[in-house]
Amino acid sequence: QRQMCIRDRHKEDAVKTLNEANNALAANKKVWEKDKKKNVKAQIGHLGKLISKAPIDKLNEEKAASLHEAAEAVREALR
């Protein structure tokens with residue numbers, strides 16, 4: 001098994017954040033206000049798109065940084 005580099009960790013963290021956000025959205029969709037749900041869904045969609053366009057073997061520093069920023073945006077939207 002190869003050693004995880006920072007890019008791998010960013011992608012793994014992004015996938016984990018995406019799963020947590022989807023679970024939080026499913027659990028709270030009846031409770032959250034419309035604006036919050038809309039914002040969370042938009043952030044989830046953006047992060048999901050970045051993840052799908054970033055295969056591990058072609059993940060460069062720039063893509064890893066954008067994954068990290070998008071994951072942070074999702075976490076912020078969940079607060």
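Keep in mind that what you see is a predicted model, and the values were worked out from it rather than measured.
One finds the CD1 atom of I51 at 10.5 Å from the CD1 atom of I44 (value rounded to the nearest 0.5 Å). To the nearest 0.5 angstrom, K38 atom NZ is 7.5 Å from D35 atom CG.
In this structure, L59 and A64 approach most closely via the heavy-atom pair CD1-N, 4.0 Å. Nearest heavy atom pair, residue L47 against residue A14, reads CD2-O, 3.6 Å. When all heavy atoms of A70 and H46 are compared, the closest pair comes out as CB-CD2, 3.9 Å. A77 and N39 get closest at one heavy-atom pair: CB-ND2, 3.7 Å. Of all heavy-atom pairs spanning V74 and Q43, the tightest one is CG2-O, 3.5 Å.
Residues passing the salt bridge (charged side-chain N to carboxylate O under 4.0 Å, His left out) test with E61, sequence neighbours excluded: R7.
Shown here is K36, whose NZ atom has more than 12 heavy atoms of other residues, nucleotides or ligands within 6.0 Å.
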Acceptor/donor pairs from residues 17-32 side chains to any protein atom, 3.5 angstrom cut, sequence neighbours excluded:
residue, atom, partner, partner atom, Å
T17, OG1, D13, O, 2.8
T17, OG1, R75, NH2, 2.9
N19, ND2, V15, O, 3.4
N22, ND2, L18, O, 3.3
N23, ND2, N19, O, 3.3
N28, ND2, A24, O, 2.9

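A ring pair (Phe, Tyr, Trp, His ring centres under 6.0 Å) check over residues 53-75, counting only residues at least two apart or in different chains, returns the pairs H10-H68.
Comment: R9 does not engage E12 in a salt bridge, judged by the lack of any side-chain N to carboxylate O separation of less than 4.0 angstrom.
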